There are 2 protein chains.
Amino acid sequence: MTHFRKSPICSNCNDCNRRSPLFSLLNDEELEAINKDRFEVQYRAGEMIFKQGSASSHVMMLTSGLAKIYLETNSRNLILKLIKPIQMFGGPGLFLDNRNYYSAAAIEDSTVCFIGQENFRQAVRSNPDFAEKFIEHINRSAIFTFGRFTDLTQKQMPGRVADALLYLSKEIYQAPRFSISLSRQELADMTSLSKESFIRILKDFKEEGIIVLNGDDISIEKMSALEKISQVG
Amino acid sequence: MTHFRKSPICSNCNDCNRRSPLFSLLNDEELEAINKDRFEVQYRAGEMIFKQGSASSHVMMLTSGLAKIYLETNSRNLILKLIKPIQMFGGPGLFLDNRNYYSAAAIEDSTVCFIGQENFRQAVRSNPDFAEKFIEHINRSAIFTFGRFTDLTQKQMPGRVADALLYLSKEIYQAPRFSISLSRQELADMTSLSKESFIRILKDFKEEGIIVLNGDDISIEKMSALEKISQVG
DNA sequence: AGAACTTATTGATTTATGTCAATTGCAAAG
DNA sequence: CTTTGCAATTGACATAAATCAATAAGTTCT
């Protein structure tokens with residue numbers, strides 16, 4: 001009997017199995033070992049999940065809500081990606097020095113499932129399919145980062161704002177119309193722009209009829225125009 | 001009897017064993033499988049090794065020379081990192097869609113050893129230590145990329161030029177004095193600056209006595225000043 | 001050595017983007 | 001319903017960095 005509640009969405013690891021291509025490769029025994037140790041923590045919007053530089057002892061799955069993965073620098077934060085259910089995060093320091101190389105924070109109220117590193121590691125060792133799939137996952141992350149890399153270093157403001165909107169629409173909310181739960185500052189942090197600049201471009205898009213904007217409600221009216229802007233940079 | 005020559009530095013995989021922490025974990029059998037299939041290709045300075053978007057069928061080791069890994073975009077190239085002997089490259093598309101997500105080209109005359117993907121994959125599957133070490137390697141790359149990411153998006157010109165010089169001095173040439181084999185354009189591509197801007201900052205450093213510059217010969221006179229500039233950004 | 005190229009350097013100018021400051025809008029607390 | 005505080009917006013201005021154009025310095029070829 002514990003006072004830590006498990007989220008309704010994740011009563012046991014079979015839920016993750018159904019939703020994550022990675023865990024479905026585990027056999028009963030491996031799964032049970034992970035399931036036995038795992039625990040969940042609930043975060044309020046805005047709360048930090050872990051901080052860059054701190055010790056990293058678990059692999060994490062976001063089971064509800066929305067979180068941001070971001071790099072902290074002298075001056076500002078740079079949001080690398082958003083995490084939605086059910087996605088894994090917390091990886092890079094694993095198998096290395098067990099430290100976090102980025103920070104994570106909840107954007108909406110969120111639930112995170114913590115999987116013991118040892119169990120995870122054991123699964124990698126004992127299950128080659130799992131190991132391959134995990135490598136695939138890491139590589140996919142690396143490729144995603146490359147994309148961000150070129151986008152942020154080579155495109156100018158309109159292209160980057162378009163990228164952010166397309167990312168939110170296609171990857172996160174999966175709809176042309178959505179109510180955004182990120183602040184303007186966070187949107188700017190996604191694009192490595194100042195919030196003022198981000199707002200200005202957003203206003204331009206609105207005036208050009210590419211989007212309809214009402215506070216936090218955004219509707220993309222001319223998807224192809226936005227894609228064009230993203231491509232041109 | 002083949003007309004493809006093997007490089008003197010890499011007569012067989014034991015050389016890589018001695019030099020790469022990764023391959024030393026393989027047993028004789030795994031090593032022999034890899035050794036049997038591997039082949040080497042020699043590149044002249046400037047030649048491309050593979051191109052972003054093309055099919056990726058091998059893991060590669062640079063056994064001699066110097067190469068650049070770079071992302072190609074509409075407008076310019078962005079050098080992600082340099083590869084020197086003996087380092088592995090060519091990874092991200094493996095275990096995924098077997099395509100290259102960046103380009104590679106020789107900066108100096110170079111030799112590349114190609115390791116069949118299937119053999120490599122088999123080693124990952126059969127040898128958990130190797131798998132772990134490989135994951136460690138990928139994670140290290142990811143972390144390196146994060147560093148580049150923040151450097152290029154957050155620092156301004158002097159900080160980025162300082163980063164490039166420090167990287168060349170500490171990681172690549174491992175000396176405070178070196179003769180650079182990259183063109184000014186390539187140096188600019190490392191920092192995501194125009195070549196004119198890079199040259200101007202280099203000139204500033206020279207005038208401030210931080211470096212002595214003579215064509216392609218660079219001597220870092222005030223290492224700590226350069227580190228300071230790098231940190232401040 | 002000179003011609004034809006390419007690469008590096010420098011200067012003048014334009015442009016993109018950040019910063020600072022003021023105002024507005026909105027939500028929580030009394 | 002007002003007050004208080006914070007986020008969003010807008011405008012004016014400053015500055016970092018790119019671009020364009022001209023010259024200089026090397027390279028390669030003959």
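Quantities reported herein were computed from a predicted structural model and do not represent experimental measurements. Just so it is clear: chains get the letters A, B, ... in the order the sequence lines come, proteins before strands, and each one is counted from 1.
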Taking atom C1' of D:dA8 as reference, at what distance in whole Å does atom CG of A:Leu213 sit? 11 Å
Could you state the interatomic distance from CD (A:Glu221) to CZ (A:Arg177), rounded to the nearest 0.5 Å? 7.5 Å
Could you give me the CA-CA distance, side-chain angles and deciding distance for B:Tyr102 and A:Phe146, then say whether ring-ring contact (aromatic ring centres under 6.0 Å, His included) is met? CA-CA 9 Å; B:Tyr102 47 63; A:Phe146 292 158; 5.7 Å; yes
Whole angstrom value for the distance that separates P of D:dA8 from NZ of A:Lys206: 14 Å
For A:Ser192, report the nucleic acid contact type (base, sugar-phosphate, nothing); a contact means any heavy atom under 4.0 Å. sugar-phosphate
Keeping A:Glu208 on the side-chain end and A:Phe205 on the backbone end, is there a donor-acceptor pair under 3.5 Å? no
Please state whether the rings of A:Phe39 and A:Phe114 are parallel, tilted or perpendicular, taking 30° and 60° as the class boundaries. parallel
What is the separation between atom CD on B:Gln185 and atom C1' on D:dT19, rounded to the nearest whole Å? 13 Å
Find the distance B:Phe198:CZ to D:dA18:C1' and express it as a whole number of Å. 16 Å
Assign B:Ser194 to base, sugar-phosphate, or nothing according to its heavy-atom contacts below 4.0 angstrom with the strands shown. base
A:Asn139 side-chain N/O to B:Leu94 backbone N/O, donor-acceptor pair under 3.5 Å: yes
Expressed in angstrom and rounded to an integer, what is the separation of B:Ile201 atom CD1 from C:dT9 atom P? 14 Å
Tell me the interatomic distance from A:Leu193, atom CG, to C:dA16, atom P, rounded to whole angstroms. 14 Å
For a side chain to side chain donor-acceptor pair (under 3.5 Å) with B:Ser103, tell me which candidate from B:Lys51, B:Glu72, B:Lys68 qualifies. B:Glu72
Could you go over nucleotides 10-16 of chain D and give all protein N or O partners under 3.5 Å, atom names and distances?
unit_1 : atom_1 : unit_2   : atom_2 : d
D:dG11 : N7     : A:Arg200 : NH1    : 3.0

Measure from CD on A:Gln154 to P on D:dT19 and round the result to the nearest Å. 10 Å
Atom-pair distance (CZ on B:Arg184; C1' on D:dG26), nearest Å: 12 Å
